[in-house]
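Below is one structure, written out as structure tokens; comments come after it.
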Amino acid sequence: FEKKKFMMLTGASGDGKSSLVYAGVVPNARAGLFKAKYNNWAIADFRPERSPLDNLAKSLNQYFNFESSDALKKELSYGFSSLINIYKKSSLYIDTEGKDWKEADDAKKKLLKRKASNLLIIADQFEEFFTNTENYNNGIASVESQTVIHLLLETAKAALTEDLPIYIICTMRSDYIGQCAAFRGLPEYIGFSQFFV
């Protein structure tokens, strides 16, 4: 998970997938037990429910401070690299090659370090991408569902390529693995980093 930036946590219903994340991964991350760039962790968790992009935007906006989650939602829909761009422009990220950092005195650098955070996105109960007809109907995924899943996959891919401290965990009932084929690239990612409870 630390190296791959993405993990699909699967298991039977009631097997404790969410508990493993919220009572295991999250406190361990905050306690500094993962090798990550910053000491702080921004935890953005959401459930797809019937409006996955709305829910993702609401969860992220507590850290990115757009005027509204709708404004962030609009920004996220501009392209699959949009979340990476938003993170890099935020106070969560320090561009050590940038002008702000290079011209900062020690006090300013200390302040920037205090604000900096790794970003952990948790898509809990990922099977809701399939169980709600608004997201998936007759074997076809909605445009909004595709947008969110491709956004997550591209974010994980860019985080890996650019060595950014962004991590994504999805929890899903294992009986929905077959439906993941509806999303281009998702089965490969599940094969790349899956943990079975």
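For the single chain, residues carry numbers from 1 onward in sequence order.
- Looking at heavy atoms from C-beta onward, I168 lies out of side-chain contact with M7 at the 4.5 angstrom threshold.
- Panel note: side chain D45, backbone I122; no donor-acceptor pair is recorded below 3.5 Å.
- With a 6.0 Å radius and a threshold of 12 heavy atoms from other residues, nucleotides or ligands, E162 has its CD atom above the threshold.
- Proximity of W101 to K108: side-chain heavy atoms (C-beta onward) are nowhere separated by under 4.5 Å.
- Not one N or O on the side chain of S59 forms a donor-acceptor pair closer than 3.5 Å with the backbone of N55.
- Here F6 and Y189 bring their ring centres to under 6.0 angstrom of each other.
- Geometrically, K58 does not engage F46 in a cation-pi contact, judged by NZ or CZ lying under 6.0 Å from the ring centre and within 45° of the ring axis.
- Under a cut-off of 6.0 angstrom, the local environment of NZ in K4 is crowded, with over 12 non-hydrogen atoms contributed by other residues, nucleotides or ligands.
- Residue-environment remark: CG (D106) stays at or below the threshold of 12 foreign heavy atoms within 6.0 Å.
- Looking only at distances, a side-chain donor or acceptor of E2 sits under 3.5 Å from a matching main-chain atom of K35.
- Under the 4.5 Å side-chain criterion, counting only non-hydrogen atoms from C-beta, E97 is in contact with K102.
- Applying the 6.0 Å contact sphere to CG of N85 captures more than 12 heavy atoms from other residues, nucleotides or ligands.
- By the 6.0 Å contact criterion, NZ on K37 is enclosed, its count of non-hydrogen atoms from other residues, nucleotides or ligands being greater than 12.
- Aromatic ring centres of W41 and Y167: separated by under 6.0 Å.
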Practice prompt. Please test S174 against F196 for side chain to side chain contact (heavy atoms under 4.5 Å, CB included), starting from the C-alpha separation and ending with a verdict.
Written response: CA-CA 8 Å; S174 48; F196 186 73; 3.8 Å; yes
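- Counting only distance, with no hydrogens or angles, the side chain of S82 and the backbone of Y78 share no donor-acceptor pair below 3.5 Å.
- The shortest side-chain heavy-atom distance between T10 and V197 does not fall under the 4.5 Å cut-off.
- Residues Y136 and S142 have side chains not in contact (no heavy-atom distance under 4.5 Å, counting atoms from C-beta outward).
- In this structure, F64 has no ring-ring contact (aromatic ring centres under 6.0 Å, His included) partners at least two apart in sequence or on a different chain.
- Ring-plane geometry between Y87 and Y93 is classed as tilted, the angle between the planes lying from 30 to 60 degrees on a 0 to 90 degree scale.
- Using a cut-off of 4.0 Å between Lys/Arg side-chain N and Asp/Glu carboxylate O, D54 and K73 are scored as salt-bridged.
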